[in-house]
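Numbering of ligands and ligand atoms starts at 1, following listing order.
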Amino acid sequence: AKGRGRNTFHFFDQAMNSRAIRRLDIEMALRHAISAGQLELHYQPKIASANGAITGVEALVRWRRPGEGLIQPDEFIPLAEESDLIVAVGEWVLHQACAQIKAWRAKGFGDVPVAINLSPRHFRRDKDLDGIIATVEAAGIPPHLIEIEVTETTLMHDPEKAIALLQRLRDRGFGIAIDDFGSGYSNLSYLRRLPITTLKIDRAFVMDIEHNQDNIEIIRAIIAMANALSLGLVAEGVENERQFAFLRNSDCAVVQGYYFSRPLPPAELESLLQRPRSP
Ligand code: C2E
Ligand code: CA
Ligand code: CA
Ligand code: CA
């Protein structure tokens with residue numbers, strides 16, 4: 001019985017090990033991917049609903065893994081978020097976004113504001129946020145060209161700490177958007193205390209505007225809230241003309257979604273940007 005017990009234990013041990021090894025394998029590959037230049041950013045335009053102009057872009061990371069093609073963030077960001085790896089990913093994304101802003105400037109497209117997504121880990125320790133601020137300073141990019149997107153859940157972990165760290169970003173001039181807004185539990189009084197500039201309406205509410213009266217009411221309430229707090233508004237996940245018409249008529253200033261453009265590699269995004277002024 002003793003022997004069997006040991007074997008049983010050994011069996012579970014092995015199963016756990018192989019899972020851990022698989023995770024470690026992806027983690028090591030991702031760590032390598034950063035230094036080997038396998039990550040890339042695609043950019044999805046944000047559109048002014050009044051006139052169709054591009055007001056900025058959101059940077060979305062992809063992993064071009066040799067032999068496996070282009071891997072979408074949902075397949076590796078959650079894993080990266082389990083360790084400090086996500087801090088390195090965030091800094092790489094910001095570094096790359098700054099380089100892209102400079103490149104567009106040099107090509108005559110002017111200043112294109114870029115939004116990046118940051119994960120909860122960046123809002124736990126001062127030193128991780130220092131890395132973000134230092135990256136932008138080293139690049140010589142004015143912080144107002146960078147908008148940091150964070151979700152409500154990111155801030156929920158330690159709301160007071162999060163407010164203090166967001167305030168540091170605001171003091172430097174970064175824009176701050178609450179991503180996927182409406183899916184969390186922020187009430188108006190908490191929202192008022194957040195040093196933010198923009199609310200991004202969660203795609204879930206935009207998705208079935210046509211069939212769901214509740215979602216129409218929720219979007220109207222979010223728009224009223226943003227107006228009351230003088231915050232910018234972006235609706236994400238706009239996929240068709242009816243959704244866009246409703247949002248435009250409801251005075252949602254900025255829209256984003258497949259109806260206008262998918263996230264694009266930089267060269268393709270350039271064909272949508274205003275043509276360079278001739279030198
Ligand atoms: P998110 O920040 O909410 O980004 C929006 C996601 O919705 C993107 O997926 C985008 O491609 C997709 N999307 C845009 N318009 C539409 C539409 O009209 N319909 C539909 N169905 N989807 C649309 P993506 O690029 O796969 O990114 C997924 C998530 O991965 C992001 O959600 C974000 O949470 C995370 N992510 C992406 N890049 C980064 C990054 O650099 N850092 C971190 N921490 N997270 C990232
Ligand atoms: Ca986002
Ligand atoms: Ca979002
Ligand atoms: Ca999301």
Would the number of heavy atoms belonging to other residues, nucleotides or ligands and lying under 6.0 Å from CE of M156 be above 12?
->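 Enclosed.
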In terms of heavy-atom contacts, does NE2 of H144 have more than 12 from other residues, nucleotides or ligands at under 6.0 Å?
->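 Yes, NE2 of H144 has more than 12 neighbouring heavy atoms, counting only those of other groups under 6.0 Å.
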Does ligand 1 come near enough to [X] that some N or O of the ligand is less than 3.5 Å from an N or O of the residue?
{"X": "A59", "value": "no"}
{"X": "E239", "value": "yes"}
{"X": "Y259", "value": "no"}
{"X": "N117", "value": "yes"}

For the Ca ion (ligand 3), what is the closest N, O or S atom on D180?
->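 Output for this pair reads OD1.
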The Ca ion (ligand 3) to D179: nearest N/O/S atom name =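 Distance check against the Ca ion (ligand 3) picks out OD1 in D179.
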Would you say the side chains of E241 and Y259 form a donor-acceptor pair under 3.5 Å?
->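 Judged by distance alone, the side chains do pair up.
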Proximity of [X] to ligand 1 by residue part, where a heavy atom lies under 4.0 Å:
{"X": "Q256", "value": "neither"}
{"X": "R203", "value": "side chain"}
{"X": "D180", "value": "side chain"}
{"X": "V89", "value": "neither"}
{"X": "E58", "value": "side chain"}
{"X": "V93", "value": "side chain"}

Report, in ascending order of atom number, the atoms of ligand 1 lying under 4.0 Å from any heavy atom of V61.
->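 Numbered from 1, ligand 1 contributes 38 (N), 39 (C), 40 (C), 41 (O).
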Just which atoms of ligand 1 are under 4.0 Å from any heavy atom in Q44?
->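 By the 4.0 Å cutoff, the relevant atoms are 14 (C), 15 (N).
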Measuring to the Ca ion (ligand 2), does E58 have an N/O/S atom at a distance below 3.0 Å?
->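 An N, O or S atom of E58 is closer than 3.0 Å to the Ca ion (ligand 2), so yes.
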Given atoms OD1 of N117 and OE1 of E149, what angle do they subtend at the Ca ion (ligand 2), to the nearest 10 degrees?
->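 Taking the Ca ion (ligand 2) as the apex, I get 90° for this pair.
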Are the side chain of [X] and the backbone N or O of [Y] linked by a donor-acceptor pair below 3.5 Å?
{"X": "S250", "Y": "C252", "result": "no"}
{"X": "N240", "Y": "Q243", "result": "yes"}
{"X": "R121", "Y": "S83", "result": "yes"}

Full working for salt bridge (charged side-chain N to carboxylate O under 4.0 Å, His left out) between R105 and D111 = CA-CA 6 Å; R105 220 183 231 175; D111 280 342; 2.7 Å; yes
Nearest heavy-atom neighbours spanning E147 and I176 =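 Where E147 meets I176 most closely, the heavy atoms are CG-N, 4.2 Å.
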Taking all non-hydrogen atoms of both residues, which atom of C98 and which atom of I146 are closest, and how far apart?
->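 Taking every non-hydrogen atom into account, SG-CD1, 4.3 Å.
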Honestly curious: do L165 and Y190 fall in one hydrophobic cluster under the side-chain, below-4.5 Å linking rule?
->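 Yes, because L165 and Y190 connect within a single hydrophobic cluster, where side-chain heavy atoms sit under 4.5 Å apart.
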Are K200 and ligand 1 in contact, using a heavy-atom cut-off of under 4.0 Å?
->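 K200 does not count as a contact of ligand 1 under the 4.0 Å cut-off.
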